[in-house]
Structure formats: structure tokens, C-alpha cells
Amino acid sequence: MGNSALGICRPNRLARKLKRGEDGLGVAMRLASETVVEVAGTVGCDAVVVDLEHEGLGIAATAAMIRTASLAGMTPLVRIGRHYEALVDPLLSAGAQGFCLARVKRRDDVDRLVDAIMYHPAGHRTFYGISRAAAFGHGIDEDNWAQRSNGEMFIEIVIEEAEALDHLDEILTHPHVSAVQFGPKDLRQSLGMPPMETVTALVAEVTQEVRARGLSLSRSLAAPLAPPATRAADPPAPKPPGDLFVANPTGILVDALSRMASSIRREPT
């Protein structure tokens, strides 16, 4: 691939797929394993979401998984929570092509992230043109590379704070937000622990607003999806964006090993 424009700034596979109206499959990495990332790419996953909000994986381990995801043809994303400012620069240098921002309360939360991860005119990302993401500076035009990098950046937000519900319109209309995820358990806590049925109904209501804004939904995937139902052709209409379904390798491993352990320990009949 050499120092072609494609090699310098890799297209964001996930973002482009969702824009075409196709669903994407990602894996949530909550353990440090480049091998699991490589397996995900081998079987055809579109993205990897390294979880630095909940897990202490560290910058070096996360950068290694970002690199593996990129080499395996997937979009590397990072989930970040409170006090993320010191994390984003080295992760961008490693090749992160997007971030999942947890605990969004207001539009300016998104503004701060954009300012940190995008170049002028959108933000003030640190100019570092010798990073892995910039082909180590080999044969690049920095201005062109910076603008292409902006165009390939993907932002997903998590609605899990009661305050966000009061500022929903300004958040969902942010021009750099592409996808929305819900955190119903944290949202319930933020609302004062109402019955879970109340939170579920609220999430369903907000989901309709997300759809109306033309944004993708991001949701956990616990099992293979059922085949889509056959129906009569709809009249021509703009195709909505696809959704991101995220599998949890840790949960898959725990479930499989648990069932195996139970089968071995079962009393003979």
C-alpha cells in the first residue's frame, strides 16, 4: 500500500457501513488480548471497542489492541468515561478512529471531546504527524492528512444521566455525533432508582427520538439475531443508518466455561 492516501488515512469501515444503512458488528474488549481482537477480525467483525471507562487496561495494552484491530481491517474505537483528557492523544497516535463517550449530560460534553480528537476547524487535536496513525510521517501531506482524519472520526455517546434527558435535543443534533447507546442501569440510578420498567419505557421513548434524528443505535448483542421477517416492498424512502451490535467476548467465555464446568460436575444418573 506504500504511502498512498489510503494507506496514510485508512477509511473508517464501521462509519461507512452504518451510513450505507448496513448493521455493523463490534466486540467490547474488557480484557487485554490482541489474540481475541485478531479472532474478531478473522470472523468478519467490523469494529473493536476497547473499554477504558470500566477497565484498567492501560494505554500500552489498548494501543496494542488498536493496532491489531487496524491490521485486521476493523475500526478501532475506545470507550472513555470521566477524566479522559490524558488518554486521547496517545490513543489517537496509535490509530483510534473513534470514541464512545460515556456519561454525556450536555452538548458541551461532546464539544470538549471533539476539540480533543479533531483538527482545525473542528477542534485542537495535538498535531503529531509522525505517529503510527500518520504512517510515522512517511510521505504525508500533514494538512491533507489532518482533514482526512477529521472525516474518518466516529463519535458514539452514552445516554445514562438524568441531566441528559433535559438537553436531549441539543445533544442529538450535534453534527459530530453518529451513534447513541443507552446505559439503563446508570440512568436508573441517576433518576433515583425508579422501577426498571419505568426506565425501559423511557429508553424506548428516547430511542424514537434517536431514530428521528437519523442516528445509529449501539446495543449489546447477547445472542445471534433472528433472520429479518419477509415483508412487502416499502415505497422508496431514504434508507436509515445501520445499527452497531456489540458482542462481549468476556461474557461469551464466562458463559461457555460455566456450562462446561456444570456439565462435568453433573452427578451421574
If every non-hydrogen atom of P194 is compared with every non-hydrogen atom of R188, which pair is closest and at what distance?
-> O-NE, 2.6 Å
Flag side-chain contact, heavy atom, 4.5 Å: L52 against Y84 | no
Determine whether Q147 and D143 make a side-chain contact, defined as any pair of heavy atoms from C-beta on separated by less than 4.5 Å.
-> no
Heavy-atom closest pair, residues R132 and A94 | NH1-O, 2.9 Å
State, with a plain yes or no, whether a side-chain heavy atom of V246 is found less than 4.5 Å away from one of S218.
-> yes
Can you check salt bridge (charged side-chain N to carboxylate O under 4.0 Å, His left out) on R79 and E53, steps first, answer last?
-> CA-CA 6 Å; R79 179 173 177 134; E53 181 199 9; 2.6 Å; yes
Separation of M196 CE from K185 NZ (nearest 0.5 Å) | 7.5 Å
Flag the pair C100 / V158 as yes when at least one side-chain heavy-atom distance between them is below 4.5 Å, and no otherwise.
-> yes
Residues, nucleotides or ligands: over 12 heavy atoms within 6.0 Å of R20 CZ = yes
Mind checking the CG-NZ spacing from L14 to K17? Nearest 0.5 Å is all I need.
-> 8.5 Å
Step-by-step side-chain contact (heavy atoms from CB on, under 4.5 Å) determination, Y128 to L92 = CA-CA 10 Å; Y128 185 62; L92 287 166; over 6 Å; no
Chi angles and distances behind the side-chain contact (heavy atoms from CB on, under 4.5 Å) call for L191, T198 = CA-CA 10 Å; L191 290 167; T198 301; over 6 Å; no
Hey, could you give me the NZ/CD1 distance between K105 and I171, rounded to the nearest 0.5 Å?
-> 11.0 Å
Same apolar cluster (I L V M F W Y, side chains within < 4.5 Å links), L101/L217 | yes
Evaluate the criterion side-chain contact (heavy atoms from CB on, under 4.5 Å) for residue pair V48 and T68; output intermediate values, then yes/no.
-> CA-CA 10 Å; V48 163; T68 303; over 6 Å; no
Would you give the length of the straight line joining atom CZ of R211 to atom OG of S216, rounded to the nearest 0.5 angstrom?
-> 8.0 Å
Would you call E152 and R10 a salt bridge, using N to O less than 4.0 angstrom?
-> no
Here the gap from N12 atom CG to Q97 atom CD, rounded to the nearest 0.5 Å, amounts to 4.5 Å
Min side-chain heavy-atom separation V27-V37 under 4.5 Å | no
Side-chain heavy atoms under 4.5 angstrom apart, residues restricted to Ile, Leu, Val, Met, Phe, Trp, Tyr: same cluster for I155 and L244?
-> no
Any chance NE2 of H124 has more than 12 other-residue heavy atoms, nucleotides or ligands included, within less than 6.0 Å?
-> no
Considering all heavy atoms, the nearest S190-E160 contact = CB-O, 4.0 Å
Taken to the nearest 0.5 Å, the spacing of E161 CD from H167 NE2 works out to 11.5 Å
Single-linkage hydrophobic cluster, 4.5 Å side-chain cutoff, F245 and V203 together = no
Would you say the side chain of M29 lies within less than 4.5 Å of the side chain of P249, judging by non-hydrogen atoms?
-> yes
Side-chain touch D46/T75, heavy atoms, less than 4.5 angstrom | no
Below 4.5 Å, heavy atoms only, C-beta onward: do L113 and I157 meet side chain to side chain?
-> no
Residue pair D109, R103: steps toward the salt bridge (charged side-chain N to carboxylate O under 4.0 Å, His left out) verdict | CA-CA 9 Å; D109 293 328; R103 299 192 174 277; over 6 Å; no
side-chain contact (heavy atoms from CB on, under 4.5 Å) between L31 and E55: does it pass, once the steps are laid out?
-> CA-CA 8 Å; L31 70 167; E55 302 292 346; over 6 Å; no
Could you pull out the closest heavy-atom pair between L91 and I66, with the gap in Å?
-> O-CD1, 3.9 Å
